[in-house]
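Every chain is numbered from 1, with letters handed out A, B, ... down the list of sequences.
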Amino acid sequence: MTQADTKPTTHFIKAFIDEDLACGRFDAPLVTRFPPEPNGYLHLGHTKAICINFGLAKAYGGTCHLRLDDTNPIKEKQEYIDGIKQDIRWLGFDWGEHEYYTSDYFQQLYNWAVKLIQAGKAYIDEQTAEQIREARGTLTTPGTHSPFRDRPAAESVDLFARMKAGEFPDGSHVLRAKIDMASPNLNLRDPVMYRVLHASHPRTGDTWCVYPMYDYAHGQSDSIEKITHSLCSLEFEDHRPLYDWFISELGIFPTRQIEFARGNITYTVTSKRKLMELVDQGHVTGWDDPRMPTLTAMRRRGYPPNAIVDFWETVGVAKRENNIEVAMLEHCVRTELNKTAPRRMAVLDPLKVVITNYPEGQTEEMDCINNPEDPDAGTRKVPFCGELYIEREDFMEDAPKKFFRLAPGKEVRLRSAYWIKCEEVIKDDTGKITELRCTYDPQTRGGNNPPDGRKVKGTLHWVSAQHATNAQVRLYDHLFTAEDPTTPPKGSDNWLDNLSSDSLKTLDHVKLEPSLADAEAGVTYQFERVGYFCLDATDTTADLPVFNRTITLKDAWAKMQKKKGG
RNA sequence: CGGGCCGUAGCUCAAUCGGCGGAGCGGCCGGCUUUGAACCGGCAGGUUGCGGGUUCAACUCCCGCCGGCCCGGCCA
């Protein structure tokens, strides 16, 4: 059995679809839909539904519709519609011509509602919201009938028309389905189908002042679009009987709703309310702050969209509650980036190195491999001279044996350049190391082994001091210190106390190899031995390029140190 | 003794119609290396929530418990 065979390529939804197709319950092709409400930005949580709906349609040679579920005009904005479309495209999915809006169906939905009233299956209720709530009963006791429940259908039809005509104020009348006030499923206790809302809609303007509720609109919209499988998250399981009830009473196309568990991820929050709190209280700079789990933020951070798609594929689909380790996502990000990211050299915390035996004034160009994982990526020239910067943490005055990097009297390789040996350490008055004096071996050009068979264990990245480009780098880390950020830490009643103080570190004196002056926005680079970084298009200025750290490289040395320390 | 859903390795998921419980991630150890990355090899980790029953055989079927999540918006 090969690796590929053991990957979880199937799950219960596929099994259901296969059954349905096999028994002729639906005709191929499969039609699915992703139905976000345009009331905010898409985040990591949404991407699971996107991948499942678009992914399944693709896998079965079907189509996936994008439907903006815009039934509540007071929360929805065009800005969000635009953002959602951009985010889905970025993820790599395409709905083609199939862009729909629930509001496109308002007239049809209205006509069907009238039909249900005429059939004695719905009625206009004039109770207040509070009265309706009280009459609904509780989880353990049945509800009671509304005094308006048995009014003549003709009266309800008339009232519904007058609601639509704008005769009644918000909250005064609702249309309710007449089902079963004693049902153990609260969704069946005469659910509200329509409410009066004198609000202007982003698309229909002031045409309507009655708007359908989710439960009434969603299934019918699926049906109108001939969606074969309506895939949604677990909390809608209790709604399925109602979903099926409307379709059955109306005698329309029977979409099948199937529910799956949403994916929770450690150290991240995906509650819209909580994300809003982070933005509003200034804990992040905005919805696109690279620490946010929104797609716009992950894009800015340099996450490759393929990594997110791979992540959900790897994780699989099931119905049980879950809390996926963020390490899984990070693994997918690194895997994708390792394959695709162009390699560059950058020194985050520069320490000057002077090569005392290098010909004064000389400069050479070194050939550097752009991506060892991709032979087609080719090479580039990187300038080298007698004054360089190396990473401060790559030098230790009193180095332990396991330290492979530079130390007094020790020799290391400069990647793709020369071997150098540390001869002298220069310090300032405070004892801080300001410069290293080294010698180089001309026989090691390109970083090659010298003819005498000498060995060296460490390879360092470097940047020519003469040619370096200055930059600001932002080091991002988990926003929270707790696996489940929504639970306040011990002794606190505020979940925001889980906020990490180390989620952003800004470095202002970073030295980049000169080619990075032309870094492309939207490309994530690997700064060798350091991590993955991308240009921050929004904060970069003409004078100072800004780079965001997408993610670190795995760091065995740091891990070893941490273990020793702890 | 309201209803619905769900319990398999630390995490996420597999396991044909009932036939020797596996993989990825994470962890640990080792190899290789011009990135302490990547890559390669190995190891640890399970009373399949618990208790009964049916069966030659149960993660799988039946019964009973226990535990977790969801549901009382004119939100979606």
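Of the P atoms belonging to B:C50 and B:G7, the separation is 14 Å, rounded to the nearest Å. When the C1' atom is used for both B:G10 and B:A57, the distance is 32 Å, rounded to whole Å. One C1' atom belongs to B:A58, the other to B:C20, and the distance between them is 14 Å to the nearest Å.
Note on A:T335: nothing from the nucleic acid sits closer than 4.0 angstrom, heavy atoms only. A:N448 comes within contact range of at least one nucleobase, with a heavy-atom separation under 4.0 Å. A:E528 comes within 4.0 angstrom of a base, heavy atoms only. At the heavy-atom level, A:V456 lies nowhere under 4.0 Å from the strands shown. Contact annotation for A:P35: no contact, since no heavy-atom pair falls under 4.0 Å across all strands. Among the atoms of the strands shown, only primed sugar atoms or phosphate atoms (P, OP1, OP2) are found under 4.0 Å from some heavy atom of A:R133. Within 4.0 Å of A:M213, counting heavy atoms only, lie sugar-phosphate atoms of the nucleic acid but no base atom. Residue contacts for A:V174: at a heavy-atom cut-off of 4.0 Å it reaches a base atom on one of the strands shown. If you check every strand for non-hydrogen atoms under 4.0 Å, A:F403 touches a base. A:E130 comes within contact range of no nucleotide atom at all, as no heavy-atom separation falls under 4.0 Å.
In the set B:A76, B:C70, B:A37, B:C70 carries the atom at the smallest distance from any side-chain atom of A:D238. For A:A129, taking side-chain heavy atoms from C-beta onward, the closest of the listed nucleotides B:C74, B:U12, B:A38 is B:C74. The side chain of A:H331 lies closest to B:C25, out of B:C25, B:A76, B:U35. Of the candidates B:G2, B:A38, B:G36, the closest approach to any side-chain atom of A:L186 belongs to B:G2. When distances are taken from the side chain of A:A327 to each of B:U35, B:G4, B:C25, the shortest belongs to B:C25. The side chain of A:E373 lies closest to B:A37 when the candidates are B:A76, B:A37, B:G72. Here the nucleotide nearest the side chain of A:S416, chosen from B:G26, B:C75, B:U34, is B:U34. Among the nucleotides B:G36, B:G73, B:U12, the one closest to any side-chain atom of A:N323 is B:U12.
Looking at A:R240 and A:E259, a side-chain N of the basic residue comes within less than 4.0 Å of a carboxylate O on the acidic one, giving a salt bridge.
Taking the syn range as angles within 90° of 0, the glycosidic angle of B:C17 is syn. The glycosidic torsion of B:G67 lies more than 90° away from 0, placing the base in the anti range.
Dashed line: the shortest gap from a side-chain N or O of A:N39 to OP1 or OP2 of B:C75 is not under 4.0 Å. Look at A:K559 and you won't find any side-chain N or O under 4.0 angstrom from OP1 or OP2 of B:G36. Considering only side-chain N and O atoms, A:R136 lies under 4.0 angstrom from the phosphate OP1 or OP2 of B:C74.
Taking atom NZ of A:K272 as the reference point, atom P of B:C75 lies 15 Å away to the nearest angstrom. Atom pair A:M328:CE and B:A9:C1' shows a separation of 13 Å (rounding to whole Å applied). Atom P of nucleotide B:G73 and atom CG of A:D125 are separated by 15 Å, given to the nearest angstrom. The CZ-C1' distance, from A:R380 to B:U34, rounds to 13 Å in whole Å.
A cation-pi arrangement is present between A:K164 and A:Y110, with the terminal nitrogen or guanidinium carbon under 6.0 Å from the aromatic centre and inside a 45° cone about the axis. Note that A:R162 lies outside the cation-pi zone of A:F168, set by a 6.0 Å cut-off to the ring centre and a 45° limit from the axis.
For a distance-only test at 3.5 Å, the side chain of A:E321 fails to qualify as a donor-acceptor partner of the base of B:G7. Evaluation of atom-type donor-acceptor distances gives no pair under 3.5 Å for the side chain of A:E325 against the base of B:U12.
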